[in-house]
Protein chains: 2
Amino acid sequence: MVTRTGAAGRREQILREAARLFAERGFHGVGVDEIGAAVGISGPGLYRHFAGKDAMLAELLVGISGQLLTGAKRRLAEADGAAGPMAVLDSLIEGHIDFALDDRPLITLHDRELDRLRDSDRKLVRQLQRQYVELWVEALRAAYPGLAEPAARSAVHSVFGLLNSTPHLGRPGSLPGRATTAALLHRMARGAFAAAGAD
Amino acid sequence: MVTRTGAAGRREQILREAARLFAERGFHGVGVDEIGAAVGISGPGLYRHFAGKDAMLAELLVGISGQLLTGAKRRLAEADGAAGPMAVLDSLIEGHIDFALDDRPLITLHDRELDRLRDSDRKLVRQLQRQYVELWVEALRAAYPGLAEPAARSAVHSVFGLLNSTPHLGRPGSLPGRATTAALLHRMARGAFAAAGAD
DNA sequence: GTCGACTGTTAATGAGCGTTAACCATTTCT
DNA sequence: AGAAATGGTTAACGCTCATTAACAGTCGAC
């Protein structure tokens with residue numbers, strides 16, 4: 001049989017389609033038969049790859065949080081030392097925008113379906129999210145030393161809201177082009193932070 | 001019997017609790033028994049007030065969109081003429097922030113459960129939302145004449161994302177005070193718009 | 001060549017849940 | 001007083017849906 005999706009295994013294919021469907025209609029709004037149909041198998045066949053529907057969501061959410069965190073850590077390590085604190089912040093913003101534009105369904109899931117998880121998984125995801133936020137808060141306060149910690153935390157969450165608005169920006173075709181959109185989002189995030197830093 | 005909630009009728013009480021529960025666990029994640037329990041009656045008693053679970057969600061979403069739109073129109077009418085275009089924009093921002101801070105559950109529902117509606121209701125809500133966005137786009141382009149229309153539209157959606165981040169800002173107690181938070185959000189929205197306007 | 005491992009299939013099971021039915025207490029209007 | 005409207009109750013129905021059971025084809029290893 002020819003695999004249409006290149007070297008992506010069935011698991012990855014299933015996860016990608018499940019993410020899309022969950023983002024479109026919510027975790028409870030999509031059935032396992034539908035997920036199966038999206039990858040060409042039907043219903044219970046999914047159970048050869050995942051322990052259950054919950055396990056797919058868990059793997060997705062843990063994966064997202066992990067990717068975001070490790071990406072941010074990598075960027076911090078790269079940008080550290082040489083460039084100033086503003087460049088560090090820029091790098092974080094750029095990374096988050098890339099993610100928001102390339103994996104819109106995952107961004108949607110990220111803050112929408114967290115409470116459907118088992119306790120242990122939810123705790124893990126929250127911990128990863130918390131670390132990610134913490135990196136941003138530190139970078140932001142390094143760039144704007146006058147900013148108090150609670151205000152910085154609020155500002156970071158607000159900018160996440162701004163950057164994560166990509167799913168509302170109309171379908172990919174209607175955007176003025178990826179690079180243009182990315183640049184606009186970047187400028188706005190910088191502007192929002194600068195305004196937050198001016199007390 | 002003493003009504004604990006002042007003059008609020010049962011319908012309003014039910015809607016308020018349903019909004020809270022829907023926002024917390026999603027439309028499909030909460031059962032009618034739960035909604036009933038939240039207002040002291042149980043399960044099917046709700047059907048004396050609403051045609052069904054869908055009807056509650058529909059009334060909530062239509063109500064939100066309508067409130068936002070009429071509030072914005074009122075503010076535009078009041079601020080028109082005298083003050084400059086920047087003051088108009090500020091008034092819109094202020095109104096949206098008030099709403100986001102006072103009705104956090106509704107803000108959450110607003111962009112999360114739209115597709116659970118019947119076609120006719122969904123069309124209505126979308127139309128109201130579109131009109132609301134249009135008011136903002138016009139106000140923004142009046143304040144920043146150099147801004148092209150697609151960029152302005154993207155910028156408006158992004159600032160909505162920023163302002164609607166209030167549910168992620170921690171429970172009411174952990175905020176540094178409502179006025180402080182409102183001021184921070186306002187500054188950031190202005191800053192984001194200014195950065196979008198600088199092409 | 002045949003024995004597992006792997007990946008599917010369809011049918012059955014069982015729980016959850018929205019909705020309706022049938023019934024009852026209380027208030028309100030005439 | 002009595003009738004109707006109002007706002008509840010519990011029990012039952014029926015559908016959806018995740019999960020499991022039982023079965024089967026394919027294919028590499030020994």
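Predicted, not measured: the structure shown is a model, and the values here were computed from it. Chain identifiers are assigned alphabetically (A, B, ...) following the order of the sequence lines, protein sequences preceding nucleic acid strands; residue numbering begins at 1 within each chain.
With hydrogens and angles left out, the side-chain atoms of A/His110 and A/Gln129 include a donor and acceptor closer than 3.5 Å. No side-chain donor from either of B/Arg104 and B/Thr166 sits under 3.5 Å from a side-chain acceptor of the other.
Counting only distance, with no hydrogens or angles, the side chain of A/Ser165 and the backbone of A/Leu162 share a donor-acceptor pair below 3.5 Å. Formation of a donor-acceptor pair under 3.5 Å by the A/Glu113 side chain with backbone atoms of A/Phe27 is found in this model.
Atoms NE2 (A/His28) and C1' (C/dG18) sit 15 Å apart, rounded to a whole Å. Here D/dT6 presents its C1' atom at 12 Å from CD1 of B/Ile41, a figure rounded to the nearest Å. Rounded to whole angstrom, the span from the CG atom of A/Asp33 across to the P atom of C/dG8 amounts to 15 Å. At whole-Å resolution of the value, CG in B/Leu46 and P in C/dG18 are 10 Å apart. A straight line from NE2 of A/His49 to P of D/dT19 spans 15 Å, rounded to a whole angstrom. Rounded to whole Å, the distance from CZ on B/Phe27 to P on C/dG18 is 8 Å. Computed from coordinates, the B/Arg11 CZ to D/dT6 P distance equals 13 Å when rounded to whole Å. Between the CZ atom of B/Phe50 and the P atom of C/dT19 there is a distance of 13 Å, rounded to whole Å.
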Could you list, one pair per line, each protein nitrogen or oxygen that sits under 3.5 Å from a nitrogen or oxygen of nucleotides 20-22 of chain D, together with the distance?
from	atom 1	to	atom 2	distance (Å)
D/dA22	N6	A/Arg48	NH2	3.3

Contacts under 3.5 Å, N or O only, protein and nucleotides 14-16 of chain C:
none

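Contacts of B/Gly52 with the nucleic acid, taken as non-hydrogen atoms under 4.0 Å apart, involve only primed sugar atoms and P, OP1 or OP2. No engagement by B/Val39 is indicated, since no non-hydrogen atom pair under 4.0 Å with the nucleic acid exists. The residue A/Gly31 sits close only to the backbone: its heavy atoms come under 4.0 Å of sugar-phosphate atoms, none of a base.
Between A/Glu17 and A/Arg20 there is a salt bridge, since at least one side-chain N of the basic residue sits less than 4.0 Å from a carboxylate O of the acidic one. Of the charged side-chain nitrogens involved, at least one lies within less than 4.0 Å of a carboxylate oxygen, so that B/Arg74 and B/Glu78 count as a salt-bridged pair. A salt bridge links A/Asp90 with A/Arg190: the closest approach of a Lys/Arg side-chain nitrogen to an acidic carboxylate oxygen falls below 4.0 angstrom.
A salt bridge (charged side-chain N to carboxylate O under 4.0 Å, His left out) with A/Glu59 is found for one member of A/Arg11, A/Lys53, A/Arg16 and no other, namely A/Arg11.
Residues satisfying the ring pair (Phe, Tyr, Trp, His ring centres under 6.0 Å) criterion with B/Phe160, sequence neighbours excluded, are B/His96, B/Tyr132, B/Trp136.
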